[in-house]
Amino acid sequence: MDNKKFDKRLLGRNYYGRSHPSQFCLACQHTSMIKLGCRPRTLSLISVIVLAISNMFLTFLLLQSETCMNSDDSESLMPMNTVTEWNINSEDENLQTKNTVRCHVNEGNSDVNDTKPPDLDFRLGRWDNRRQYKTFDSILVGSKFAELSTTKCICLATQSSLEKLHSLVQVAHHWTASISVALYIAGDEELEALQKYLYYIRRCYPPIRERVTFSLAVPKNKIPTKNPTRFEYSENLHCSTPEATLFEIMNKISIEHTNWRARNVYPQNHMRNLARKNCQTDWVFLTDVDIIPSVNLANSLETFLRHVRDCDKCAYVIPTYELDVRVKFPQNKMDLVRLARKGLARPFHWKVFIHNQYATNFTRWTSDVIPGAKGYQDVVQGVTYISHNVTNFEFLYEPFYVSKDTAPAHDERFLGYGYTRNTQVYEMFVAGYQFKVLSPVFTVHWGLQSRKNRPGWRERQNIFNRKQFDPFKREIFAKYSVDPLKMVRKSN
Ligand SMILES: *[C@@H]1O[C@H](CO)[C@@H](O)[C@H](O)[C@H]1NC(C)=O
Ligand SMILES: *[C@@H]1O[C@H](CO)[C@@H](O)[C@H](O)[C@H]1NC(C)=O
Ligand SMILES: *[C@@H]1O[C@H](CO)[C@@H](O)[C@H](O)[C@H]1NC(C)=O
């Protein structure tokens, strides 16, 4: 795999630039099953339904047994087992589980007055440069967010639409520093669903209530007409089923609205900028909401960043793996590599679009788990260190990385899927940032991905964004006067 060459045709129609096939895919499939809101063109309706049902079933099972942390001590970490019931009959030791832990939650907690509406008036808000979206900073602030922002040097910035928000539960249990979440909603129906779900997750999960600050973006053509009234969810709180609860709430959204959503793009880069800028620390780790940090990642990075030489133009890459939904979340790198050897984990997008993380060099990254290898002691002790520099940077590389938030913004001309994260990473490279791969830390995306179930709208959004790329790359050239990947010359 090391002699792969960059292929210019990647810029052509086979390119799937977006890192999260499931971001809408999943929800789309769910809702399409329920409401026929989406029409993937490449699949027959039958296979869509079969996929949707199995997808729904698997993810449902997965989260049914999710472990939660019941603690006022946000530093203590309980092992997270996102195990499923159907592990039990497995022959594979990796798939065995006996410790499906029940969630303990302090329902009815009185230290949070969640019925108080956020200070939000939809007649106000900050417009983006093209007046397409309005944003509202920090509409709900975690009770420990400000404190964590001053005592720690790193913050997690992430973004989500409503249908993926359940992923935040596991993210917030693993990440013990501050978290800035940018939420996107359109119209009154989504606002209402969001209010209910925010009430629910803040009530059920102390890590969310304490660490997470939410910001909000709404589209110009579907600004909610009602200001939030009360954050309340009157049905019974089933804190052990965050995903099922979300789908239950979202089920009340009308077909008309679901169809509208399917036709309109999710402004990814606006959301990333919103999340980033509501972090208060120097260092920011920007992810998408379904990217789950490894256990103890925040503490380990904190120690690393406090000891590493100060570096304004360093981007510390944290490798991302995709994981078979049947396995337990790997507790450390050894576990992860073991799963990878069994084919139950692999680098994110390995089959869908290998360039996504190719330059990270996974051969190199996994070499330190062998006793005696350089870095082995750090792996055993869980100490974060720089494994190696990225030496073969290529266009379309889009790692998740930690950097100072003075890094270039995410260009908001790119909407929806394709050319969103990788254009920002490209600008960093042109601007002289150095990418350094950390070990033994990692992140995980649930589910092994294949190209098969990619809906047609993704490709359409990708084509739209590809057209935006030409002027973008010329602007980058004009701004930095260098063209290390010969992108500008290439097109002429
Ligand atoms: C919670 O907020 C509501 C609405 O602002 C207020 O009426 C009520 O007194 C508050 N309760 C507590 C315990 O602070
Ligand atoms: C990965 O690292 C190995 C060992 O340093 C090197 O030989 C190889 O060329 C690297 N591959 C990439 C794609 O960087
Ligand atoms: C990685 O890059 C830095 C410069 O940022 C350099 O000082 C260092 O020697 C490089 N490390 C290796 C192993 O090449």
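Sequential numbering from 1 along the given sequence is applied to the chain's residues. The analysis underlying the following values was restricted to heavy atoms, covering all of them including side chains, and did not include hydrogens, waters or symmetry mates. Both ligands and their constituent atoms are indexed starting at 1 by order of listing.
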- Counting heavy atoms not belonging to Arg341, are there more than 12 under 6.0 Å from its CZ? no

- Message: At less than 4.0 angstrom from any non-hydrogen atom of Lys436, what atoms of ligand 3 do you find?
- Response: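 Answer for ligand 3: 1 (C), 2 (O), 3 (C), 4 (C), 5 (O).
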
- Numbered in order shown, the ligand 3 atoms found under 4.0 Å of a heavy atom of Gln434 are 4 (C), 5 (O)

- Quick one: does His388 get a heavy atom under 4.0 Å from ligand 3? no

- Apply the salt bridge (charged side-chain N to carboxylate O under 4.0 Å, His left out) test between Arg272 and each candidate in Asp288, Asp411, Asp405; give the one that qualifies.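 Output: one option passes, namely Asp288.
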
- Query: Taking only heavy atoms of Arg364, which atoms of ligand 2 are found under 4.0 Å from at least one of them?
  - Reply: 2 (O), 4 (C), 5 (O)

- Task: For Asn392, take its heavy atoms, then give the atoms of ligand 2 lying under 4.0 Å from any of them.
- Result: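 Answer for ligand 2: 11 (N), 12 (C), 13 (C), 14 (O).
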
- Message: Using a 3.5 Å distance criterion without hydrogens, assess whether the side chain of Glu322 forms a donor-acceptor pair with backbone atoms of His349.
- Response: yes

- Message: Please identify which of these residues, Phe472, Phe464, Tyr426, meets the ring-ring contact (aromatic ring centres under 6.0 Å, His included) condition with Phe414.
- Response: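 The ring-ring contact (aromatic ring centres under 6.0 Å, His included) with Phe414 is passed solely by Phe472 among Phe472, Phe464, Tyr426.
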
- Message: Strictly less than 4.0 Å: does any protein heavy-atom distance to atom 7 (O) of ligand 3 fall in that range?
- Response: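 Under 4.0 Å from atom 7 (O) of ligand 3, zero protein heavy atoms found.
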
- What pairs of residues pass the ring pair (Phe, Tyr, Trp, His ring centres under 6.0 Å) test when at least one of them lies in residues 365-392, not counting sequence neighbours?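 Those involving residues 365-392 are Tyr321-Trp365.
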
- Task: Could you find the nearest protein heavy atom to atom 12 (C) of ligand 3 and give me its residue, atom name and distance?
- Result: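 Nearest protein contact, heavy atoms only, for atom 12 (C) of ligand 3 is Asn389 ND2, 3.4 Å.
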
- Message: Could you tell me if Arg421 sits above the aromatic ring of Phe400, with its cationic atom closer than 6.0 Å to the ring centre and no more than 45 degrees from the axis?
- Response: yes

